[in-house]
Amino acid sequence: SDDALTAIADRALERETGARGLRSIVEAALMDVMFELPSRDDVIKCAVTRDTIERGLPPTLVTEAPDRQQRAADPASGRPPYVIAIPPPNVTGALHMGHALNNSIQDVLIRWHRMAGFETEWICGTDHAGIATQAQVEKALVREGTSRRELGRAAFLERVWRWREEYGGTIIGQLRRLGCTLDYARERFTMDDGYARAVTRVFVALYERGLIYRDHYMVNWDPGLGSAISDLEVEEREVTDTLWSIAYPLADGAGELVVATVRPETMLGDTAVAVNPEDPRHRHLIGRSVVLPLVGREIPVIADDYVRTDFGTGCLKVTPAHDPNDFEIGRRHGLPAVPVIGEDGRMTPEAGERYAGLTPAEAAARVVDDLRAQGLLRAEEPYTHTVPFSHRSGARVEPLISLQWFCDMERLAAPAIEVVRDGTVRFTPGQWGDVYLRWMQEIRPWCVSRQLWWGHQLPVWYRGDEVHVGPEAPAGEGWERDPDVLDTWFSSALWPFATLGWPDETPELRAFYPGSVLSTARDIIFLWVARMVMMGLEFRGEVPFRDVYIHSVIQAPDGRRMSKSLGTGIDPLELIDEHGADALRFGLLLMSSQQDVRFSAEKIRQGRQLVTKLWNASRLVVARGGRAGHATPPEPATLADRWMGARVAAALEEAGALVAAYDFSRLAKLLYELVFDDYCDWYLELLKADEGSPEVAGDLLEQILALVHPLMPFVTEACWEGMPGAAGLLAVHAPPRPPHGRDAEAEAAIRDLQEAVTALRAYRNQADVPPRETLRVHAEDGGRLAPTAAAFQALARVELAATPVDGTIVAVPFGRLHVARAAAAIDMGAERARLGAERERVEAELRRAEGMLANERFTSRAPAHLVDAERAKVTRYTAARAALDERLAALGA
RNA sequence: GGGCGGUUAGCUCAGCGGUAGAGCACCUGCCUUACACGCAGGGGGCCGACAGUUCGAACCUGUCACCGCCCACCA
């Protein structure tokens, strides 16, 4: 391991000193390499259970990733670095399945590009998660019999910081267990000093550019939280309420108007009744007034297009203080707003003595009672509609007018729309780009202030009517800082550049902005992705990333959402304990898709099977004398070598395309098949039959390990370490090199071999021939099996006879195999039925193909190669049918 | 109310215009000295319904039926 360290240090020195003068990076990298890189034993720490030792099974790999990612970039290439900023997990959070999938994906991308020679940077860090964290600490305080208010702001914040020290960041350790090669050395936190500086700078700049302003406006008030929340934090839920019809007497005593409402308590704040100007039923009332029951206030009847004539009575009570629509109507007509529900979620004194202090629900009941007593209730009926609830606290959102800070989004959105339209930023799958655009085009102001303590306090000071926005209080006495903090997403929006030292022009910022890819779940496209694009463009003049990959959502096995509260969550850490991190990573990637998928434990088990397979295959190859570290690919000695080399080369090419397309499910599948089907089931079997050379087997294993490594870093690293000739970490291995290109001759020969071996195995099963029994076979094959005759005899356990033998005919696409075994051993009836069915299938296909060829419209219109394909099929099926006829005849049919 | 996605083998999912695929589960053989967390062989599907386009449709178009998600200020 000392050699490895030295080599890495040497390479780092050489590399970094040439790298665009990034002095601080050079020093940091060298320090890490020299003093902090764990030894190989730490990197590949294998927890070997008693069971695995006793049974000789492979180790269960549950280790942690290296502390420091290795940069293997070639600065001479001039390629831009490959950069991903992790979606910062909540500092107090625990790793869940979404994190596990998303970070597996990112690690594949990072490792893949690192091995491909890119300089890579995977920005690491956590989010302070204002509301979630504050809520957790508050809960703890309640258990201790105290509260946030009791402690006071300063003591409370101190407490949160301590909480963070104690419980925060465990998720980062969990990412290590997953094997993620983040840049742990440069871990950031959205509340660290440098980051706070960036947040302040952005707020002040946006204020100075006129994009941030303070206003009395209708906000979503979360009474549970005691704070305003943004539109995106509101969730509409269907609720069945009662729709009450209430009579409002006309002020002149000439009758009444009837309005309908599900919130009778808000009538206390009504300042008008609106009707549609086109409505003949009510037109004559416009400009007159009604007396608001229970209150006695005289309010006008106004005309507004917003009122529907086909709903309810056509009369709308207008409560500008507590309904977003009414708020707009109020602004249009200059109506006063009478707030009757306060920020504490209770009725205000303005609601009247009789109602003040009640909850809205209590007030509603009392209002209804009172109206009924006065004979003003006209009707009540059940009514199902959607009602806003807080995503955060679960409380029913109370729309009310409040003085808050807003960010005007329209100007910021314009260029962010453009970059997605013109493809500068590309979503995968592409449909999410449309979703993004639709939202951006109808973007509304963002309420960025929160009435919380944990977060970035607004850089705003007040003195009387004076307002100062800036990093510090202005000179002079009496300035008080705004107690509110910023929406957590405000700071998250700066993540791609604030983590790199902005607003300073640091070397990291110059080197690693803009990033390459953002990988995330779709639920934060608006909350986070869109805002990063806007802020990146506004403050760096460049998009923060070129590609946005939206991964699938993994649901519980029963199709419900995976969530702790539903009890449907599955803990990825337990899966790591049970199957190892590689198995989890692989399984999740295999599951992932363009659409939502249900979690299936089988996929994780499949991952584990691949781990085991690689381990066992490595043992075999090493035992046979295979080694790693060939400077140039060893010359293939056999057809099997050539064939397998071609398979690896093909897989390599395909894998590259799949990574580029973010198709991780297919990538996982491709590698699984390469290892199981091609390398183990065929090539290693051929190797055992001395039809492959250990030199090539070792080299191919090395390439396969390198290819699989981004998905399964632990087992591949362990296998690699066990190979003679292996030096250094596989993680910084050169990219897998295609051993040889296509090899038509070898591929054809091995295909013939596979067909013959498979046909004989099938025959053996049907004819109930013991696997150990060697069969005498005469091949009528036009010499097709000659190049692989020895392999054929070994794998099919046959002895080739030069002269014809009597017995059974086994058909292969290129001829017939005569097996010297009496057909009597076979269940004649069953065999005849089976062959008959097979013949029928072939016959049907033949008829279909002939039918197509007989159709003049097909032969004249379809592309030539498809017509040729059909002709070839006819030839093939005719031959197959003849062979089947022959076998049926031999059976005496 | 608007939009998006889904409906394919018992289960979880691929395939998206030219003979229906994988893994798991199932059945039958094998402890073949890398691996029984394995190997070999096999059974199983009118591709949600209906109509249309096409020489040809699981795949394209339309309608419908369920299921899921997102957006939305009709009291």
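Computation of the quantities below employed the complete heavy-atom set of this structure, encompassing side-chain atoms and omitting hydrogens, waters and symmetry-equivalent molecules. This one's a predicted model, so the numbers in the text were calculated from it and none came from an experiment. Per chain, numbering begins at 1; letters A, B, ... match sequence-line order.
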Counting side-chain heavy atoms from CB outward, which of rG29(B), rG38(B), rA14(B) is closest to Pro771(A)? rG29(B)

Reckon Lys613(A) has a side-chain N or O less than 4.0 Å from the OP1 or OP2 of rC39(B)? yes

Select one nucleotide: of rA34(B), rA22(B), rC24(B), the one nearest the side-chain heavy atoms of Gln609(A). rC24(B)

Classify the nucleic acid contact of Tyr672(A) as base, sugar-phosphate or nothing, counting any heavy atom under 4.0 Å across all strands shown. nothing

Pairing string, 5' to 3', for RNA chain B - Watson-Crick or wobble contacts under 3.5 Å, brackets [ ] where pairs cross, | to another strand: ((((((((.[[[[.)..(..]]]].(((((.......))))).....[[[[[..)....]]]]])))))))....

Can you see if the side chain of Arg598(A) gets near the phosphate of rU12(B) - specifically, an N or O under 4.0 Å from OP1 or OP2? yes

Taking rC16(B) as the reference, what is the distance to rU61(B) when you measure between their C1' atoms (whole Å, please)? 15 Å

Side-chain N or O of Lys669(A) versus OP1/OP2 of rA14(B): is the shortest distance under 4.0 Å? no

Base, sugar-phosphate, or nothing for Thr313(A), non-hydrogen atoms under 4.0 angstrom? nothing

Would you classify Arg772(A) as touching base, sugar-phosphate or nothing, given that sugar-phosphate means primed atoms plus P, OP1 and OP2, and contacts are heavy atoms under 4.0 Å? sugar-phosphate

What I want to check is whether the side chains of Thr384(A) and Thr240(A) have a donor and an acceptor closer together than 3.5 Å. yes

Side-chain N or O of Gln595(A) less than 4.0 angstrom from OP1 or OP2 on rG68(B)? no

Residue Glu685(A), side-chain atoms from C-beta onward, closest of rU19(B), rC71(B), rA34(B): rA34(B)

Can you tell me, in whole Å, how much space there is between the P of rA58(B) and that of rG21(B)? 14 Å

Let's see if you can work this out: which of rC73(B), rG18(B), rG41(B) has an atom nearest to the side-chain heavy atoms of Lys873(A)? rG18(B)

I'd like to know if Arg396(A) and Asp241(A) make a salt bridge, using a cut-off of under 4.0 Å between side-chain N and carboxylate O. yes

Checking the side chain of Thr313(A) only, and the main-chain atoms of Val258(A) only, is there a donor and an acceptor separated by less than 3.5 Å? yes

Base, sugar-phosphate alone, or nothing: which one does Arg797(A) contact when heavy atoms must sit under 4.0 Å apart? nothing

Counting only side-chain heavy atoms from C-beta out, which of rG42(B), rC24(B), rA72(B) sits nearest to Ala762(A)? rG42(B)

Give me the ring orientation class for Tyr436(A) and Phe427(A): parallel if the planes are under 30° apart, tilted from 30 to 60°, perpendicular past 60°. tilted

Base, sugar-phosphate alone, or nothing: which one does Asp681(A) contact when heavy atoms must sit under 4.0 Å apart? sugar-phosphate

As a test of reading the structure: which of rG23(B), rA40(B), rC4(B) is closest to the side chain of Gln431(A), going by heavy atoms? rC4(B)

Side-chain donor/acceptor of Arg522(A) to backbone N/O of Val553(A), under 3.5 Å: no

Tell me whether the rings of Phe676(A) and Tyr672(A) are parallel (<30°), tilted (30 to 60°) or perpendicular (>60°). parallel

Consider the side chain of Lys688(A), meaning its heavy atoms from C-beta on, and name the nucleotide among rA34(B), rG23(B), rG18(B) that approaches it most closely. rA34(B)

Rounded to whole angstroms, how far apart are CG on Leu687(A) and P on rA34(B)? 10 Å

Rounded to the nearest angstrom, tell me the gap between atom CD in Glu442(A) and atom P in rC71(B). 13 Å

Should Lys317(A) and Asp323(A) count as an ion pair when the cut-off is N to O under 4.0 Å? no

Checking all strands, does Cys680(A) fall into the base, sugar-phosphate, or nothing category for heavy-atom contacts under 4.0 angstrom? base

Please classify the nucleic acid contact of Tyr383(A) as base, sugar-phosphate, or nothing, using heavy-atom distances under 4.0 Å. sugar-phosphate

Apply side-chain hydrogen bond (donor to acceptor under 3.5 Å, both in side chains) to the pair Thr319(A) and Asp270(A), showing each step before the final yes or no. CA-CA 4 Å; Thr319(A) 322; Asp270(A) 282 3; 2.6 Å; yes

Using the P atoms only, state how far rU28(B) lies from rU12(B), rounded to an integer number of Å. 25 Å

How would you label the contact of Arg764(A) with the nucleic acid (heavy atoms, under 4.0 Å): base, sugar-phosphate, or nothing? nothing

At under 4.0 Å between heavy atoms, what does Arg605(A) touch on the DNA or RNA strands: base, sugar-phosphate, or nothing? nothing

Proximity to the side chain of Tyr306(A) - top-ranked nucleotide from rA14(B), rG29(B), rC73(B): rC73(B)

Would you call Glu685(A) and Lys688(A) a salt bridge, taking side-chain N to carboxylate O under 4.0 Å as the test? yes

Taking CG from Asp768(A) and P from rG41(B), how many angstroms apart are they, rounded to a whole number? 16 Å

Does Val387(A) reach the side chain of Arg237(A), with side-chain heavy atoms less than 4.5 Å apart? no

In terms of side-chain geometry, is the basic nitrogen of Glu265(A) or Arg263(A) positioned less than 4.0 Å from the acidic oxygen of its partner? yes

Can you check the distance between rU8(B) and rG45(B), where both ends of the measurement are the C1' atom (answer in whole Å)? 8 Å

Roughly how far apart, to the nearest Å, are rG52(B) and rC46(B) at atom P? 23 Å

Atom C1', compared across rC74(B) and rG6(B): separation rounded to whole Å: 31 Å

The side chain of Arg761(A) is closest to which nucleotide in this list: rG23(B), rA40(B), rC74(B)? rA40(B)

Phosphate OP1/OP2 of rU19(B): any Arg847(A) side-chain N/O under 4.0 Å: no

Would you mind telling me which residue lines up with the more 5' stretch of RNA chain B, Asn765(A) or Met591(A), judged by nearest nucleotide? Met591(A)

Say you pick atom P in rG41(B) and the same atom in rA49(B); how far apart are they, in whole Å? 34 Å

Taking the P atom in each of rC69(B) and rC26(B), what is the distance between them to the nearest angstrom? 32 Å

Please determine if a side-chain N or O atom of Gln766(A) lies less than 4.0 Å away from the OP1 or OP2 oxygen of rG42(B). no

Base, sugar-phosphate, or nothing for Phe676(A), non-hydrogen atoms under 4.0 angstrom? sugar-phosphate

Check every atom of rC73(B), rA14(B), rA75(B) against the side chain of Arg308(A) and return the nucleotide holding the closest atom. rA75(B)

